[in-house]
Amino acid sequence: MDASSTSTASRSDWRRTHHCGALRKSDVGARVTLNGWVDARRDHGGIYFVDLRDRYGITQVVLGPEQAEAAKLGAEFTVSVTGKVVARDAQNVNPERPTGEIDVQVERLEILSRSEQPPFTIADENVALETRFTYRYLDLRRPQMQRNLMHRSRFINAMRRAFERQDFVEVETPILTRATPEGARDYLVPSRVHPGKFYALPQSPQLFKQILMVAGMDRYFQVARCFRDEDLRADRQPEFTQLDMEMSFVEEEDVFATWERVLQETFREAMQLEVAIPFPRLTWKQSMERFGNDKPDMRFGMELVDLAAWASSSEFAVFKGAIDAGGRVMGIAVPAAHALSRKDIEALETLAKGSGAKGLAYWKAGAAGGSGPLARFCVGERATLLMQALGAAEGDTCLFMAGKQSLVWRVLGELRNHLGKRFGLAQGAWRFTWVTSFPMFEFDEGEGRWFSAHHPFTAPADWEMGGANPDLASLVSRAYDLVLNGWELGSGSVRIHRSDVQQKVFTILGIGPEEQQKKFGFLLEALSYGAPPHAGLAVGLDRLTALSLGLDNIRDMLAFPKTTSATDLMCAAPSEVAPEQLFEVHIRSAVPPPAPGA
RNA sequence: GGGGACGUAGCUCAAUCGGUUAGAGUACCGGCCUGUCACGCCGGUGGUUGCGGGUUCGAGUCCCGUCGUCCUCGCCA
């Protein structure tokens, strides 16, 4: 009879004395008990080697012919073993493992829990996401995934301590809150008590944290779960976590300094990495001009250069025409060291066309006129002038884009990022950057109205907002982004603490006085009772922790992520609910019931 | 909502131009093996080719639809 499969002997004698990553040569001779999962079993006919795995590591345990149960052990069985720690002979040491100098010679084996044949081998790195998500509890047994979750825990806790050292108070804000008219689509929760009314899950704790400032909390932070019902991406989940913070009686630089300290201390504590501070500051305009986008990858050069002067005196009709039409002509010089093949340039052209460009002009720089399609417009001093304007050296490959400013920025920005990856320049460093002074409003052609570039609570650079008849497109806000290596990590702003300015912004956004009172009355009223000037920032922790491990997908930093269609394959959410449940919350489904027999 | 890639054994993949009984590795089962370390050797089981329809003498392969996963555009104040 298999007595070992039942735990009747004693309630406590199976419990571990060490975990599976603990034992070393210095423990030889000790009698120990280990608990863990069977990672692999090697049956040599009379002697069995079992790799026992837990969160801490793998220890090889050795069983002899007297342990008949050893032959019955399968992958992922949960077992308890008791035995003596023995040294391995020199030729049997496994240098790949910290525990590789010892074995545990098993005297007692107990199966705590059996396992069906697992759908995949835990050690197998190459398993379809669908399978991994369905059996996430097995997927999470992998050392890699456990490393990710442990790293995230260490990282976030280090951040918490860093904020507390700077006198920040962690305050929790509601998950059940009210829907907001602006921004992302809300997740709604029907109210049982109030028929026909709904809570919304917060897209961010924005208004609560501002109200905490009005309340005099002075410095607030929170590890906050946020919800947005929008389509997913590799770096976007419908629920995500932010390190959200807000502080009173401050301006931009105070927020920047706070975060620089927090990030420096966090990287030091959690990763033993030194992050250089202060981070460079760029205005939005500077970022667009130099890098073509508002989240610049600062790890390499090849910056955009304005060529208006050269282009307007050029005989090249495309360039001259672009300038005359009020557009831009810009270029980037790719150093000769990064030789671009004909094929490379074709790939770049395809990329440019994919982004809306009509074509891609290029020129191999040379004082004698160079070569490439643009060479015939680089006769005589025109060549040297162009090289000077571009900061290009002999032999550099120069790429040009002419047209509408937004197009020129976007295309050259994408080409630059592509080249950075192509030449392996976009790696290996932590280049944080502040991007400031974003536009206040953006006009949506489709809806025919103005939207906040950041959010409606962002302060304008000028409290008077250009007077009675402002040019909305040129108004600058006090919004800022934290950027790391080409990723937008977080964004924030100095907030509006004046009720009159807040009302004016709402009005510009097309929210009339009545709607303002109905939806934001509590905010406007709060601002009327002595609101301190305040500012804050929220950083996406899924992205930051993923980036800090070099992962390009945030799912590997989440214990239970959702698929691209926002489902949880493990627990099969979302799901239908019983009709009674709907009735209770006063909901009737508009979706027809499945056809009979379907 | 649009575009693209993929879907074949428990897992990872193969299968020529539409043509024999859909194969391999691994896992699993059985046998052998006392120093392996994702042990090795021998043998075996395992398939509604996601699902539904169509074209064809014949469909894993072609067509239509549908479901699912991933990437991406829109979207994400």
Side-chain angles (χ1 to χ4, degrees), chain A residues 38-53 58-66 70-72 74-76 86 88-97 99-100 103 105 115-135 138-139 180-186 203-204 206-207 226-238 240 354-356 438 440-442 444 446-447 449-458 477 479 488 491-493 505-506 509-511 538 540 552-553 555 561-567 569 572 598:
Chain A
V38 175
D39 192 60
R41 190 191 50 129
R42 292 174 288 279
D43 177 353
H44 282 256
I47 184 168
Y48 307 93
F49 300 98
V50 173
D51 290 338
L52 208 56
R53 185 195 67 239
I58 292 178
T59 298
Q60 175 170 277
V61 304
V62 184
L63 301 99
E66 68 279 9
K72 299 178 201 154
E76 300 308 313
V86 297
R88 295 195 193 183
D89 293 342
Q91 71 270 20
N92 287 331
V93 165
N94 184 348
E96 313 260 301
R97 284 183 192 159
T99 58
D103 289 322
Q105 188 66 51
S115 172
E116 299 294 324
Q117 179 186 348
F120 53 88
T121 306
I122 302 302
D124 188 355
E125 294 289 319
N126 184 29
V127 179
L129 278 175
E130 204 170 344
T131 315
R132 291 177 52 194
F133 287 170
T134 306
Y135 302 94
L138 298 180
D139 191 37
T180 50
E182 298 268 310
R185 195 174 295 116
D186 287 313
Q203 297 176 26
S204 83
Q206 182 60 36
L207 294 178
C226 306
F227 306 85
R228 295 176 190 176
D229 187 3
E230 299 291 347
D231 287 343
L232 285 78
R233 288 288 186 283
D235 62 353
R236 235 163 59 195
Q237 287 267 312
F240 58 99
S355 301
F438 279 75
M440 185 81 184
F441 300 107
E442 282 165 1
D444 185 302
E447 300 220 9
R449 73 171 184 95
W450 292 91
F451 281 83
S452 293
H454 182 51
H455 61 48
F457 319 107
T458 301
S477 79
E488 181 198 317
S491 59
S493 60
V505 169
F506 282 148
L509 295 174
I511 306 174
D552 56 9
N553 199 308
R555 284 183 299 244
K562 291 188 172 54
T563 68
T564 345
S565 55
T567 63
L569 291 178

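Chain letters run A, B, ... following the sequence lines, proteins first, then strands; residues in each count from 1.
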Considering every strand shown, what is the Watson-Crick or G-U wobble mate of [N] when both distances are under 3.5 Å?
N	answer
G60(B)	none
A22(B)	none
A14(B)	none
C75(B)	none
G68(B)	C6(B)
C28(B)	G44(B)

Using a cut-off of 4.0 Å on non-hydrogen atoms, how would the nucleic acid contact of [X] be classed: base, sugar-phosphate, or nothing?
X	answer
Ala234(A)	sugar-phosphate
Glu130(A)	sugar-phosphate
Arg53(A)	nothing
Arg555(A)	sugar-phosphate
Asp186(A)	nothing
Asp231(A)	base
Pro119(A)	sugar-phosphate
Arg185(A)	nothing

Main-chain N/O of [Y] paired to [X] side chain as donor or acceptor, under 3.5 Å:
X	Y	answer
Arg185(A)	Asp229(A)	yes
Thr134(A)	Glu130(A)	yes
Arg449(A)	Leu509(A)	yes
Ser477(A)	Phe438(A)	yes
Asp89(A)	Asn92(A)	no
Asp43(A)	Gly45(A)	yes

Between [N] and [M], how far apart are the two [atom1] atoms, rounded to whole Å?
N	M	atom1	value
A14(B)	G4(B)	C1'	24 Å
A5(B)	C64(B)	P	13 Å
U16(B)	G10(B)	C1'	29 Å
G65(B)	A27(B)	P	42 Å
G25(B)	U21(B)	P	22 Å
G46(B)	G54(B)	C1'	32 Å
U12(B)	G43(B)	P	27 Å
A22(B)	G60(B)	P	10 Å

Next item on the list: Give the nucleotide from the list U34(B), C75(B), C13(B) with an atom nearest to the side chain of Asn126(A).
Entry: C13(B)

Notebook entry, point to check: Picking from G35(B), U34(B), C70(B), which would you name as closest to the side chain of Pro65(A)?
Noted result: U34(B)

To the nearest angstrom, how far is [X] atom [atom1] from [N] atom [atom2]?
X	N	atom1	atom2	result
Tyr48(A)	G35(B)	OH	P	14 Å
Gln117(A)	U45(B)	CD	P	17 Å
Asp139(A)	C11(B)	CG	P	14 Å
Leu129(A)	U69(B)	CG	P	11 Å
Ile47(A)	U34(B)	CD1	P	9 Å
Glu116(A)	G10(B)	CD	C1'	12 Å
Lys72(A)	C29(B)	NZ	P	13 Å
Asn553(A)	U72(B)	CG	C1'	13 Å

Checklist line | 5'-most by nearest nucleotide on RNA chain B - Asp235(A) or Ala453(A) | finding: Asp235(A)

Next item on the list: With RNA chain B as reference, determine whether Arg42(A) or Val127(A) sits nearer its 5' end, using the nearest nucleotide of each.
Entry: Val127(A)

Does the base of [N] carry an N or O that pairs as donor and acceptor with the side chain of [X] under 3.5 Å?
X	N	answer
Arg88(A)	C37(B)	yes
Asp43(A)	C33(B)	yes
Arg228(A)	C76(B)	no
Arg236(A)	C75(B)	yes
Asp89(A)	G35(B)	no

Note to self: Quick check for you: to the nearest 0.5 Å, what is the distance between Met440(A) atom CE and Trp450(A) atom CH2?
What the structure shows: 12.0 Å

Side-chain N,O ([X]) to OP1/OP2 ([N]) below 4.0 Å:
X	N	value
Ser565(A)	U69(B)	yes
Asn92(A)	C37(B)	no
Thr563(A)	U69(B)	yes
Thr567(A)	U69(B)	yes

Notebook entry, point to check: Run the salt bridge (Lys or Arg N to Asp or Glu O under 4.0 Å) check on Arg132(A) and Glu125(A) step by step: do they pass?
Noted result: CA-CA 10 Å; Arg132(A) 291 177 52 194; Glu125(A) 294 289 319; over 6 Å; no

Next item on the list: Determine, answering yes or no, if Phe49(A) is stacked on U36(B) under the 5.5 Å centre rule and the 30° plane rule.
Entry: yes

Check: With no hydrogens and no angle check, do the side chains of Asn94(A) and Gln60(A) hold a donor and an acceptor under 3.5 Å apart?
Finding: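 There is no such pair between these side chains.
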
